[in-house]
Amino acid sequence: MRVLQNYVGGQWIDSTSRNLRQSFNPANHEELLCKTQDSNPGDAATAIQAAENAFARWARTPMPKRAALLQDFLSHFKSREEEFVRAITRENGKTLRESRTEYLAALKEADFQVGQGRRVAGELRPSELPGVSCYLQREPLGVVTLITPWNFPLNVACRKLIPALIAGNTCVLKPSELTPMSAALLYESLHAAGLPPGVVNLVFGVGSVIGDTLVTHPAVKALSFTGSTEVGLGIAKKLAGRETKIQLELGGKNPLVVLADADITKAVEAAIIGGYSCSGQWCTSTSRVIVETAIYDTFLRALTERAKAIVVGDGTEEKVQMGPVCGKRQYETILDFIAIGRKEGARLVIGGEALTEGQYAKGWFIEPTIFADVSPGLVIAKEEIFGPVLVVLRADDLSDAIRLANDTRYGLASSIYTRDLAKAQKFIAESEVGLCHVNMHTAYKEPQLEFGGVKESGRGDPEAGDSGIEFFTRHKTVYLREQS
Ligand code: NAD
């Protein structure tokens, strides 16, 4: 049985707690995948200290040299694609195809950020005075803590780590308790690249046990957190009044609007991809489908037929299109939401049950589920379910659809299907989100663009794109006159 160790100061080490946690396969919860360190606050402090010791030298290393070391990391990362893909599927439950998509997305984003290492230094501005140079210099922050969720264990870790390192910070990563294997593999690639000891550190453990130290330790100058709105905003409160810079990427309740003039087949496909990929556990998953009355019945029929055809099973099997959900807590939460939806009187069109017989007996499997005719005040129309559950609402027209789409505390991603450019532009202007799509599913993204939400879906600079490095730097304004 593989025991995953923490990575601190360039060494693989055990937690001083001497305790281990077990990780199981969500497709077969009797299959023990690995054991990991059950770290304590002291382990977290040791990792922060290692990062602090390494900071001055790493910050002085020229940015293109840091980028060259990370190129070596990328070479190693590329040579282990199959291991990453299998690890993600086994610990998270998503299908091999989805895991490969995640791996390739992580690679593309990392590649883009490493490329930034030759262009993002500062900005030159003209001066009013002769002989004076004015410029803005970006400087690293120091030790940064990176806390990641289980739903994109590799992509989210890379999205934070690579720009933080390129910018000259030293890092401590705490991955989710549920997905330690991809984090360990990632650190093997970082180790193989020969980064100086202490530049990257990894601490396994439970958020409620080591989280406080990781976010409030005085040496930590920034926190980049991706996870639930409840935990993220709780941390923000704790850090209020402190110098620590924060970036929070949180939950969503993402709407897909389908207008009467839309290509229904394509809109249905977008709802299926957005709603059921990764068993609905994308932060940008489609959760609400808002359909104009004129095509409501036709759309719902087509969506239901398509959802019925989804093949559910163990993600390691090629034919499977939707895997289990990631663990017991997720499973119970999603089934609770389904029970609430039923109790609230929403019309259950398909699904709504756990799959528990035969091949499903040992896994956390839930049927693709659709609730229709949902009124906007219901809990299932408001809360992030984070599972394979689509909630369908009826809209009178575009304005009504926008009103419904914005009727949420979240503001991560949205999409509209229409052939009418003017309507699409009205939607873009009025949709209260960080990521807006037209005739594309809610989760589409590219690495050169920023990624983040508004309202209770995010705080601070977004991730990725130019903002990726921006968050991990502070600006210094310089006025320089040469002495004659
Ligand atoms: P979570 O909030 O339960 O946990 C996220 C991370 O925080 C984990 O590593 C956990 O151990 C840690 N944590 C828990 N309590 C902590 C504490 N008190 N202090 C410090 N760290 C603590 O979220 P999750 O269930 O792992 O992930 C699912 C959530 O993440 C969903 O809400 C999803 O929408 C969101 N998410 C958002 C984005 C985005 O970019 N907006 C991307 C992926 C996931």
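By convention here, the first residue in the shown sequence is residue 1. Order of appearance sets the numbers: ligands from 1, and atoms from 1 within every ligand.
Which parts of ligand 1 touch N151 is read off a 4.0 Å heavy-atom cut-off, strictly below it: atoms 43 (C), 44 (C). Taking a cut-off of under 4.0 Å to the non-hydrogen atoms of R329, the atoms of ligand 1 that pass are 3 (O), 25 (O). Interface atoms of ligand 1 facing P175, defined by a heavy-atom separation under 4.0 Å, are 9 (O). With ligand atoms numbered from 1 in the order given, ligand 1 contributes 19 (N), 20 (C) to contacts under 4.0 Å with heavy atoms of I235. In summary, the atoms of ligand 1 found under 4.0 Å from a heavy atom of S176, numbered by their order in the structure, are 9 (O). Less than 4.0 angstrom separates some heavy atom of W150 from each of these atoms of ligand 1: 24 (P), 25 (O), 26 (O), 27 (O).
Neither the backbone nor the side chain of F152 has any atom closer than 4.0 Å to an atom of ligand 1 (non-hydrogen atoms only). By the criterion of a heavy-atom distance under 4.0 Å, both the backbone and the side chain of T226 are placed next to ligand 1. Of the heavy atoms in E384, only side-chain atoms (C-beta onward) come closer than 4.0 Å to ligand 1. At a 4.0 Å heavy-atom cut-off, ligand 1 does not touch T229 at all. Heavy atoms of W282 found under 4.0 angstrom from ligand 1: none, in either backbone or side chain. Residue-level proximity to ligand 1 for E177 is carried by the side chain, the only part with a heavy atom below 4.0 angstrom. At a heavy-atom distance under 4.0 Å, no atom of Q247 approaches ligand 1.
For the residue pair T226 / T148, no side-chain donor-acceptor distance below 3.5 Å is found, with atom types taken as modelled. Checked by atom type, the side-chain pair T16/N40 shows a donor-acceptor distance below 3.5 Å. The closest side-chain donor-acceptor pair between T442 and T284, if any, does not fall under 3.5 angstrom. For D461 and Q247, the side-chain atoms include no donor-acceptor pair closer than 3.5 Å.
For atom 15 (N) of ligand 1, the closest non-hydrogen atom of the protein is V231 CG1, 3.5 Å. Atom 17 (C) of ligand 1 has its closest protein heavy atom at G207 O, 3.5 Å. If you check which protein heavy atom lies closest to atom 37 (C) of ligand 1, you get L250 O, 3.0 Å. From the protein, the heavy atom lying nearest to atom 23 (O) of ligand 1 is S228 N, 3.3 Å. With respect to atom 42 (C) of ligand 1, the closest heavy atom belonging to the protein is C283 SG, 3.0 Å. Protein heavy atom closest to atom 27 (O) of ligand 1, with residue, atom name and distance, is P149 CB, 3.3 Å. With hydrogens left out, the protein atom closest to atom 19 (N) of ligand 1 is G211 CA, 3.5 Å, a heavy atom. Regarding atom 21 (N) of ligand 1, its nearest protein heavy-atom neighbour is I147 CD1, 3.6 Å.
Between E109 and K445 there is a salt bridge, with a side-chain nitrogen of the basic residue lying less than 4.0 Å from a carboxylate oxygen of the acidic one. The pair E31-K362 fails the salt-bridge criterion, with no side-chain N (NZ, NE, NH1 or NH2) lying under 4.0 Å from an Asp/Glu carboxylate O. The pair E102-R159 does not meet the salt-bridge criterion, since no charged nitrogen lies less than 4.0 angstrom from a carboxylate oxygen. Ion pairing between a basic and an acidic side chain is recognised when a charged N comes within 4.0 Å of a carboxylate O; R80 and E188 show such pairing. Under 4.0 Å is where a charged nitrogen must lie from a carboxylate oxygen, and between K174 and E177 at least one such pair does. Look at E269 and K266 and you find no salt bridge, because none of the NZ, NE, NH1 or NH2 atoms lies under 4.0 Å from a carboxylate O. At a threshold of 4.0 Å, the pair R100-E82 counts as salt-bridged, since one of the basic side-chain nitrogens sits closer than that to a carboxylate oxygen.
For K174, a nitrogen or oxygen atom sits less than 3.5 Å from a nitrogen or oxygen atom of ligand 1, counting backbone and side chain alike. Where the criterion is an N or O separation shorter than 3.5 Å, residue side chain and backbone included, S457 fails it with respect to ligand 1. For a threshold of 3.5 Å applied to N or O pairs, the pair formed by G227 and ligand 1 contains at least one separation below that value. Note: an N/O pair closer than 3.5 Å links T148 and ligand 1 by distance alone.
Separation of the F337 and F386 ring centroids does not fall under the 6.0 Å cut-off. In this structure, F365 has its ring center no closer than 6.0 Å to that of Y331.
None of K253, K382, K455 except one satisfies the salt bridge (Lys or Arg N to Asp or Glu O under 4.0 Å) rule with D407; the exception is K382.
Using cut-offs of 30° and 60° on the angle between ring planes, the pair H441 and W282 is parallel. Taking the six-membered ring where the residue is Trp, H437 and Y444 present perpendicular rings, their angle passing 60° and hence far from 30°.
When the heavy atoms of F204, F386, F225 are ranked by distance to atom 28 (C) of ligand 1, first place goes to F386.
In this structure, atom 4 (O) of ligand 1 is not in close contact with the protein, since no protein heavy atom lies within 4.0 Å of it.
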